[in-house]
Amino acid sequence: MTKIIAIANQKGGVGKTTTAINLATAMAAIEKKILLIDADPQSNASTGLGLLEEDRNPSLYNLLTDKKFNPNSIKETKIPYLNIIASTIDLAASEIELAEMDDRENIMKNILNKIAGYDYLFIDCPPALGLLTINSLVASDSVIIPLQCEFFALEGLSSLISTIETIKSTLNPQIQIEGIVLTMYDKRNSLSALVEEDVRGHFGKKVYKTVIPRNVRISEAPSHGKPVLIYDTSCVGSVAYIGLAKEVIFNQE
Ligand SMILES: Nc1ncnc2c1ncn2[C@@H]1O[C@H](COP(=O)(O)OP(=O)(O)OP(=O)(O)O)[C@@H](O)[C@H]1O
Ligand SMILES: [Mg+2]
């Protein structure tokens, strides 16, 4: 059985891609077979995993346009057990192209249904609630929501949750919120603690115990085309993502 988890929050820069890359890497490290789907035209997950531009095709854009899975779209990364379907800037056009298709919310689901042999598929969503994110949510069993520990953290969360509820009542009855992960936590800043208290007060057990700290090694790693877990295995950021992976796996078992 493959579990499909979307990493989503329409707010930009909250740690979606960092979480997708490092959760995927932490799970691959314990030999879970992982496929990361880069569903963001910014292609940060593809770049962060070191995929060269010329090695990205056929990309997710081609699959969505053809409405068909193509096994050649699955690319190996340098990390054993971690493969990727990459994104290119072309994917930006998908928002418009999908809008004109029949059954436009189900295109990604129909493609991902053809993929077998993985323990987890993670979908790195773009910072918008457009058709790429809707397609990702319709295709997924659950959603992980990264929340940045800052003043406006909860702003916009209600529209994400109501989008998930709408999808649950229409296109994908099985979708659940897998969990909320607090990111970029700064223990020297009392605001982080206040945001944490607020989010835990609202969402209780849905919030992972593991909190991802603000860590310079995490922000350096993508420019080396590596997950932080490979770039600096023992830094606090890596340790946190290993903790998060344990929680996500433990929740299933
Ligand atoms: N825990 C962290 N500590 C320090 N920097 C971080 C941390 N998490 C993410 N960053 C940095 O913050 C920026 C935004 O992170 P990321 O790209 O993961 O967010 P995102 O939600 O995917 O953004 P977008 O909405 O644009 O897709 C990146 O430069 C990333 O390296
Ligand atoms: Mg991103």
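For ligands, and for the atoms within them, numbers begin at 1 and follow the listed sequence. Note that the structure is predicted; figures quoted are calculated from it, not measured.
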Under 4.0 Å to a heavy atom of [X] - the qualifying atoms of ligand 1, by number:
{"X": "Gly12", "answer": "25 (O)"}
{"X": "Pro213", "answer": "1 (N), 2 (C), 3 (N)"}
{"X": "Asp40", "answer": "27 (O)"}

Will you find, in the side chains of Gln10 and Ser159, an N or O donor that is under 3.5 Å from an N or O acceptor? yes
Checking side-chain polar atoms at under 3.5 Å, does Tyr61 have a donor or acceptor matched by the opposite partner on Glu97? yes
Distance below 4.0 Å between atom 29 (O) of ligand 1 and any protein heavy atom? no
For atom 9 (C) of ligand 1, is some protein heavy-atom partner under 4.0 Å away? yes
Testing Asp124, Asp55, Thr88, Asp38 one by one against Ser46 for a side chain to side chain donor-acceptor pair (under 3.5 Å), which residue passes? Asp38
Any Gly13 heavy atom less than 4.0 Å to ligand 1: yes
Considering heavy atoms of the protein only, find what lies nearest to [atom] and give residue, atom and distance to 0.1 Å.
{"atom": "atom 11 (C) of ligand 1", "value": "Ser219 CB, 4.4 Å"}
{"atom": "atom 3 (N) of ligand 1", "value": "Asn215 N, 2.9 Å"}
{"atom": "atom 16 (P) of ligand 1", "value": "Thr18 OG1, 3.6 Å"}
{"atom": "atom 17 (O) of ligand 1", "value": "Thr17 CB, 4.0 Å"}
{"atom": "atom 20 (P) of ligand 1", "value": "Lys16 N, 3.4 Å"}
{"atom": "atom 19 (O) of ligand 1", "value": "Gly15 N, 3.0 Å"}

Return yes when at least one N/O/S atom of Asn44 is nearer than 2.8 Å to the Mg ion (ligand 2), and no when none is. no
Non-hydrogen atoms of Ala28 and Pro80 that approach each other most closely: CB-O, 3.6 Å
Compare every heavy atom of Lys11 with every heavy atom of Lys16, then report the nearest pair and how far apart it is. NZ-O, 2.7 Å
Select the closest option to atom 7 (C) of ligand 1 among Val14, Ile218, Asp124, judged by heavy-atom distance. Ile218
Nearest candidate to atom 2 (C) of ligand 1, where distance is taken over non-hydrogen atoms, out of Gln42, Met184, Lys11: Met184
Is any side-chain N of the basic residue among [X] and [Y] closer than 4.0 Å to the acidic one's carboxylate O?
{"X": "Lys32", "Y": "Asp119", "result": "no"}
{"X": "Lys168", "Y": "Glu165", "result": "no"}
{"X": "Arg104", "Y": "Glu95", "result": "no"}
{"X": "Lys206", "Y": "Glu178", "result": "no"}

Measure Ile212 to ligand 1 on non-hydrogen atoms and call it side chain, backbone, both or neither using the 4.0 Å cut-off. side chain
Backbone, side chain, both or neither: what part of Thr19 comes under 4.0 angstrom of ligand 1, heavy atoms only? neither
Looking at Thr19 and Gly15, would you say the former's side chain and the latter's main chain have a donor-acceptor pair under 3.5 Å? yes
Ignoring hydrogens and angles, tell me if any N or O in the side chain of Glu247 forms a donor-acceptor pair with the backbone of Lys209 under 3.5 Å. yes
Is Phe122 close to Met27 at the side-chain level, that is, under 4.5 Å between some pair of heavy atoms? yes
Is there a polar contact, in the sense of an N or O pair closer than 3.5 Å, between Asn44 and ligand 1? no
Val216 to ligand 1: N or O pair under 3.5 Å? no
